[in-house]
Amino acid sequence: MKIETIDTGYFYADGGAMFGAIPKTAWSRRYPSNETNGCVLSMRSLLIITDTGKIILVDNGAGDKHLKQLSYYNFFDLADLGEELRKRGIEPEEVTDVILTHLHFDHCGYSTQINKETGKLTPSFPNATHWVSRKQWENFLHPNALEKDSYFLENMQAVADRSLLQLIDTDTHLCPDVELRIFDGHTPGQIVPYIYSPDYTYVFAGDVIPLVASVSPEWISAYDTFPVTSYNEKIRLLDEACHKGQALIYCHDAYTKCSTVKKVNNFYTKEKILL
Ligand SMILES: [Zn+2]
């Protein structure tokens, strides 16, 4: 098994929004920001190649279809994920599975792109099964008022039209080495993939724990639609990660990709930096 993170680009998010009720005097000690409180966030994707030949991607960044609409986020250093795969000897057509933690634009925007010849939206990974939770899909189709600006139908419609969508209702194994577990809080039905590799169990924590600074359960982003649920879900994820020595991958942390975590006197902190 091979696993590798691929950063698809970066954007600025307001530090106040990222850390919710936590005052800047506290969060600024854990995460840098610029003079207007902008924090640089990565849009991290994960490439998994299993021993049985599956080529799996977890999340795929914002793509380039809505950059003008989203100019507030000041995206920079955007990479074309298809090109990134080709550099690694993989054609986009060879990707067997795309796991989408959730369907906010910064996680699934590259799922479709505009075909240069036909001008139509087409799936970027035309042979891949796209894994999404049914709860998240329903929320995407009928979003609540707070999330509707984070969703773009164009990111997923062509995937659904080609019957490439695989909706899951409960925790599910994609294959023996990759389990998809469902966590609520940030958004309904977020998928957290657990990758069982010989060295570590890697947990792609998605927006359940987007930054190493967010490992404290009460450090919840203002974007989370159900913060009390987020708090409980984070503890559920962290307790197992501490107990079993699992490695968390932080999808938005521009400075730390992955670490194990430990619990000392009821506080969770990073332990060993990995990847
Ligand atoms: Zn999100």
Side-chain angles (χ1 to χ4, degrees), residues 5 7-20 22 31 38-46 57-63 65-67 69-70 72-75 78 81 98-111 130-156 159 168 180-193 203-215 217 219-234 237 248-254 257:
T5 60
D7 285 3
T8 67
Y10 302 88
F11 65 98
Y12 285 88
D14 184 83
M18 282 311 288
F19 297 108
I22 305 302
Y31 206 86
C39 294
V40 173
L41 298 194
S42 172
M43 294 181 289
R44 188 156 291 135
S45 177
L46 184 70
L57 281 175
V58 183
D59 285 352
N60 56 40
K65 299 189 299 295
H66 301 105
L67 295 182
Q69 259 163 286
L70 298 167
Y72 159 79
Y73 292 100
N74 293 313
F75 291 95
L78 292 171
L81 186 53
V98 175
I99 302 165
L100 297 169
T101 59
H102 60 302
L103 302 175
H104 291 164
F105 63 82
D106 50 326
H107 295 262
C108 73
Y110 192 85
S111 299
H130 291 60
W131 300 79
V132 178
S133 84
R134 189 180 305 279
K135 249 198 227 176
Q136 177 62 196
W137 183 250
E138 293 297 333
N139 193 56
F140 174 71
L141 295 180
H142 311 287
N144 62 57
L146 295 183
E147 286 186 78
K148 66 177 176 12
D149 292 343
S150 297
Y151 288 134
F152 294 97
L153 260 190
E154 307 89 79
N155 284 339
M156 293 303 297
V159 171
I168 62 167
L180 311 179
R181 298 201 202 163
I182 294 176
F183 286 77
D184 291 320
H186 173 67
T187 185
Q190 186 171 181
I191 291 179
V192 173
V203 180
F204 192 90
D207 281 349
V208 178
I209 304 176
L211 313 168
V212 71
S214 327
V215 292
W219 287 47
I220 294 164
S221 121
Y223 296 114
D224 284 29
T225 39
F226 303 93
V228 176
T229 307
S230 292
Y231 177 85
N232 292 324
E233 291 287 71
K234 284 174 79 172
L237 188 150
L248 306 190
I249 296 172
Y250 308 106
C251 69
H252 284 315
D253 197 313
K257 290 179 182 173

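No hydrogens, no waters, no symmetry mates; every other heavy atom, side chains included, goes into these values. Both ligands and their constituent atoms are indexed starting at 1 by order of listing.
Considering only residues two or more places apart in sequence or on other chains, Ala17 meets the side-chain contact (heavy atoms from CB on, under 4.5 Å) condition with Asp14, Tyr223.
Legend: salt bridge (Lys or Arg N to Asp or Glu O under 4.0 Å) pairs involving residues 181-193, not counting sequence neighbours, sorted by first then second residue: Lys135-Asp184, Glu179-Arg181, Arg181-Glu240.
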Throw together a table of side-chain donor-acceptor distances under 3.5 angstrom for residues 205-212, partners on residues two or more places apart or in other chains.
unit_1, atom_1, unit_2, atom_2, d
Asp207, OD1, His252, NE2, 3.0
Asp207, OD2, His102, NE2, 3.1
Asp207, OD2, His107, NE2, 3.0
Asp207, OD2, His186, NE2, 3.1

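Screening Thr8, Ile99, Leu100, Asp106 against Asn60 for a side-chain contact (heavy atoms from CB on, under 4.5 Å) leaves a single residue, Leu100.
Listed for the Tyr31 side chain is a donor-acceptor partner under 3.5 Å among the backbone atoms of Val40.
Only protein N, O or S atoms were considered, and those under 2.8 Å from the Zn ion (ligand 1) are His102 NE2, His104 ND1, His186 NE2, Asp207 OD2.
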Quiz item: Could you walk me through whether Asp59 and Thr101 pass the side-chain hydrogen bond (donor to acceptor under 3.5 Å, both in side chains) check?
Solution: CA-CA 6 Å; Asp59 285 352; Thr101 59; 2.9 Å; yes

